[in-house]
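Source: prediction; values computed, not measured.
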Amino acid sequence: MLIALALTAVGGAVALTGNASAAPSSHGTASAAHAVSAKQGSQAMPMNMPVSTKTSGDDPDGDGYIMADPPVTGVTPSTYDPPHAYFHEFQAKCAPSHTLPDDPIVFPGQPGKSHDHTFMGNVSTNADSTTASLDAASGTTCNAPGDKSAYWMPSLFNGDQKILPIGPQTIYYKSGVNDYTSVRPFPKGLRFVVGNPMQTEDQFKNLKGTVEGWECGDSYGNFDIPVSCPNTPDVQLNIRLQAPSCWDGIHLDTPDHQSHMAYPIATGDNENVCPADHPVALPMIEFKMAFPVNGDMSQVHLSSGAGFSFHYDFFADWDDATLSAMVTHCINGGLQCDDHGYDQSQPDKGAVLDSNYELIQ
């Protein structure tokens, strides 16, 4: 069995240190539930998702709607067919920073109400996080200091031992639409949930963002965590999940934390285009997580339940100039960039970030 990162409690949070274990927190309950209605291309599913009912710094009236200021209006989904480019992406590399039973999107201002989450990126993320607090935070575990976004997912346990990914994990920013030149940067403060802790195995299997399910060794297409994986040092438990990338241009959040986003729809030419009610093409986030656990997997589970309850949250807080440069150079430019914004197969194109991951002026 691989050795997992361990944890120690620090002021209510669980910080990464050396070698210990922790039991999962109980699953949070909500005072109200919101049935997600089907929207064109949104892959919304009939599952109860907790509704934001508490006021917070970004939602002072507590109705769950956070408006973009300014909104992006007058956009028509692009049907332009740009020059062929096999890749149009860059990577963010972000390590786990801490764990907490908090969720500032689903349960804003309500510490301890969620199941346990593993946080990456912004080091300050907790139940009270707002756009302003993320901006003011002292740092990030992402390689690029300009990325103060918060990324989180349900914590993984083997029995009662918490298992965290080791080191920086890969978070792809890609084009989800055919016209990669139409993709624009995330607005600061946009937030959403990908997947749903209440989803069934069949719903997880058929979610548009599901790639290969849980993978380990030569085992693929598992929509629950497999009961065993090869017990060799090179084998880890992997999961990939893609986010919706079409935005309504109006809301930074909605009460169900999903309706303002949609997956692209396939046209008759097998080209992905944003739906008319979500016309703004943004980068498609793809989590690619690797957990250091193998061998007997019979006691491996998520804090949210079975493996098919996997989901994640994203709260955008990039330095505007840095994100704009990465999107323009790598996604709009049709490149396969690393987290420096550099495509090794096209070195003549140059990089966006220097050796310290700072924007090259």
Practice task
Would you please indicate if the ring centroids of His257 and His251 are separated by under 6.0 Å?
Solution key: no

Practice task
Could you tell me whether a side-chain N or O of Ser129 sits under 3.5 Å from a main-chain N or O of Asn126, the two making a donor and an acceptor?
Solution key: yes

Fill in the blank from the handout: Shortest non-hydrogen pair, Trp247 vs Pro187, comes out as CH2-CG, 3.6 Å

Practice task
Check whether Met261 and Val211 end up in the same hydrophobic cluster, where Ile, Leu, Val, Met, Phe, Trp and Tyr are linked by side-chain heavy atoms less than 4.5 Å apart.
Solution key: no

Exercise for the section: Would you check if there is a donor-acceptor pair between the side chains of Ser304 and Ser309 at a distance under 3.5 Å? Expected result: yes

Handout entry: Reported OG1-to-CD distance for the pair Thr170 and Gln91, which is rounded to 0.5 angstrom
Key = 5.0 Å

Problem - Other residues, nucleotides, ligands: >12 heavy atoms within 6.0 Å of Asp61 CG - result: yes

Exercise for the section: Determine yes or no for a side-chain-to-main-chain donor-acceptor pair under 3.5 angstrom, with Gln169 supplying the side chain and Gly167 the backbone. Expected result: yes

Handout entry: 4.5 Å side-chain heavy-atom contact, Met326 and Ser324
Key = no

Exercise for the section: Go through the steps for Thr210 and Lys205 under the test side-chain hydrogen bond (donor to acceptor under 3.5 Å, both in side chains), then give the verdict. Expected result: CA-CA 7 Å; Thr210 296; Lys205 177 181 179 180; over 6 Å; no

Handout entry: His340 backbone acceptor or donor facing Asp338 side chain under 3.5 Å
Key = yes

Exercise for the section: For the residue pair Pro83 and Tyr180, establish whether any side-chain heavy-atom pair is separated by less than 4.5 Å. Expected result: yes

Handout entry: Check against side chain to side chain contact (heavy atoms under 4.5 Å, CB included), Asp296 and Ser228
Key = CA-CA 5 Å; Asp296 179 9; Ser228 66; 5.8 Å; no

Fill in the blank from the handout: One should read off an interatomic distance between Leu237 CG and Ile225 CD1, to the nearest 0.5 angstrom, of 6.0 Å

Problem - Identified ring pair (Phe, Tyr, Trp, His ring centres under 6.0 Å) counterpart of Phe119 within the set Phe315, Tyr312, Trp152 - result: Trp152

Problem - Nearest-0.5 Å distance that lies between atom CZ in Phe157 and atom OG in Ser303 - result: 6.0 Å

Exercise for the section: Tell me whether Phe223 is reachable from Ile239 by hopping between hydrophobic residues (I, L, V, M, F, W, Y) whose side-chain heavy atoms are closer than 4.5 Å. Expected result: yes

Practice task
Would you name the heavy atoms of Pro275 and Ala262 that are closest together and state the gap between them?
Solution key: CG-CB, 4.0 Å

Handout entry: Polar side chain donor-acceptor pair, Thr99 to Ser155, under 3.5 angstrom
Key = no

Problem - Non-hydrogen atoms of Gly109 and Asp128 that approach each other most closely - result: CA-OD1, 3.2 Å

Exercise for the section: Starting from the C-alpha separation in whole Å, work towards a yes-or-no answer on side chain to side chain contact (heavy atoms under 4.5 Å, CB included) for Lys349 and Asp343. Expected result: CA-CA 7 Å; Lys349 301 290 187 181; Asp343 186 340; 5.7 Å; no

Problem - Thr79/Asp179 under side chain to side chain contact (heavy atoms under 4.5 Å, CB included): CA gap, chis, key distance, verdict - result: CA-CA 7 Å; Thr79 57; Asp179 181 11; over 6 Å; no

Problem - Side-chain donor or acceptor of Gln199 paired with backbone N/O of Asn196 under 3.5 Å - result: yes

Problem - Met289 reachable from Met297 in the ILVMFWY side-chain graph, under 4.5 Å edges - result: yes

Problem - Side-chain (Gln258) to main-chain (Val193) donor-acceptor, under 3.5 angstrom - result: yes

Practice task
Indicate if Val273 and Val72 have the same hydrophobic cluster label, given that clusters are the connected sets of ILVMFWY residues with side-chain heavy-atom separations under 4.5 angstrom.
Solution key: no

Problem - Where Asn272 and Gly176 come nearest, the two heavy atoms and their spacing - result: CB-O, 3.3 Å

Practice task
On the 0 to 90° scale, with breaks at 30° and 60°, tag the Tyr173-Phe186 ring pair as parallel, tilted or perpendicular.
Solution key: perpendicular

Handout entry: Minimal non-hydrogen separation, Met67 against Ile250, with atom names
Key = CE-CG2, 3.5 Å

Exercise for the section: Give a yes or no on whether a salt bridge exists between Asp116 and Lys162, defined as a side-chain N under 4.0 angstrom from a carboxylate O. Expected result: yes

Problem - Approximate separation, where rounding is to 0.5 Å, of Cys274 SG and Leu282 CG - result: 7.5 Å

Practice task
Would you please say whether a donor-acceptor pair under 3.5 Å links the side chains of Asp58 and Ser56?
Solution key: no

Practice task
Without swapping roles, check the side chain of His329 against the backbone of Gly350 for a donor-acceptor pair under 3.5 Å.
Solution key: yes

Handout entry: Heavy-atom side-chain proximity of Ile285 to Tyr172 below 4.5 angstrom
Key = no

Problem - Tyr342 vs Pro347 side-chain heavy atoms within contact, under 4.5 Å - result: yes

Practice task
Please state whether the rings of His117 and His115 are parallel, tilted or perpendicular, taking 30° and 60° as the class boundaries.
Solution key: tilted

Handout entry: Backbone N/O of Ala127 and side chain of Asp102: donor-acceptor pair under 3.5 Å
Key = yes

Handout entry: Pair Phe192 and Phe314, ring centroids less than 6.0 Å apart
Key = yes

Fill in the blank from the handout: CG of Asp317 to CG of Leu190, rounded to nearest 0.5 Å, is 11.5 Å

Handout entry: Between Asp202 and Thr200: side-chain donor-acceptor atoms closer than 3.5 Å
Key = no

Handout entry: Short side-chain donor-acceptor distance under 3.5 Å, Thr131 and Arg191
Key = yes

Problem - Any side-chain heavy-atom pair of Cys246 and Val280 under 4.5 Å - result: no

Practice task
Over all heavy atoms of both residues, which pair between Thr322 and Trp318 is shortest? Give the atoms and the distance, please.
Solution key: CG2-CZ3, 3.8 Å

Handout entry: Donor-acceptor pair, side chain of His98 and main chain of Thr125, under 3.5 angstrom
Key = yes

Problem - side chain to side chain contact (heavy atoms under 4.5 Å, CB included) assessment of Val194 paired with Leu241 - result: CA-CA 8 Å; Val194 184; Leu241 183 62; 3.9 Å; yes

Practice task
Kindly indicate whether the side chain of Asp81, heavy atoms from C-beta on, has any atom under 4.5 Å from the side chain of Glu271.
Solution key: yes

Exercise for the section: Group every Ile, Leu, Val, Met, Phe, Trp and Tyr by side-chain heavy-atom contacts under 4.5 Å, then state whether Tyr151 and Phe291 land in the same group. Expected result: yes

Handout entry: Validation row: Cys216, Pro226 side chains within 4.5 angstrom (heavy atoms)
Key = yes

Practice task
Answer yes or no: is there a donor N or O on one side and an acceptor on the other, between the side chain of His278 and the main chain of Ser259, under 3.5 Å?
Solution key: yes

Exercise for the section: Indicate yes or no: does Arg240 engage Glu212 in a salt bridge with an N to O separation below 4.0 Å. Expected result: no

Handout entry: Test log, rule ring pair (Phe, Tyr, Trp, His ring centres under 6.0 Å), inputs Phe308 and Trp214
Key = CA-CA 9 Å; Phe308 50 78; Trp214 294 96; over 10 Å; no

Exercise for the section: Indicate whether any N or O donor in one side chain lies under 3.5 Å from an N or O acceptor in the other, for Ser114 and Asp103. Expected result: no

Problem - Met153 backbone acceptor or donor facing Asp313 side chain under 3.5 Å - result: no

Handout entry: Charged N-O contact under 4.0 Å between Asp135 and Lys188
Key = yes

Practice task
Would you tell me whether Asn143 and Asp339 have side-chain atoms, one donor and one acceptor, within less than 3.5 Å of each other?
Solution key: yes

Problem - pair Asn222-Asp224: side-chain heavy atoms closer than 4.5 Å - result: no

Fill in the blank from the handout: To the nearest 0.5 Å, atom OG1 of Thr141 lies from atom NZ of Lys148 at 12.5 Å

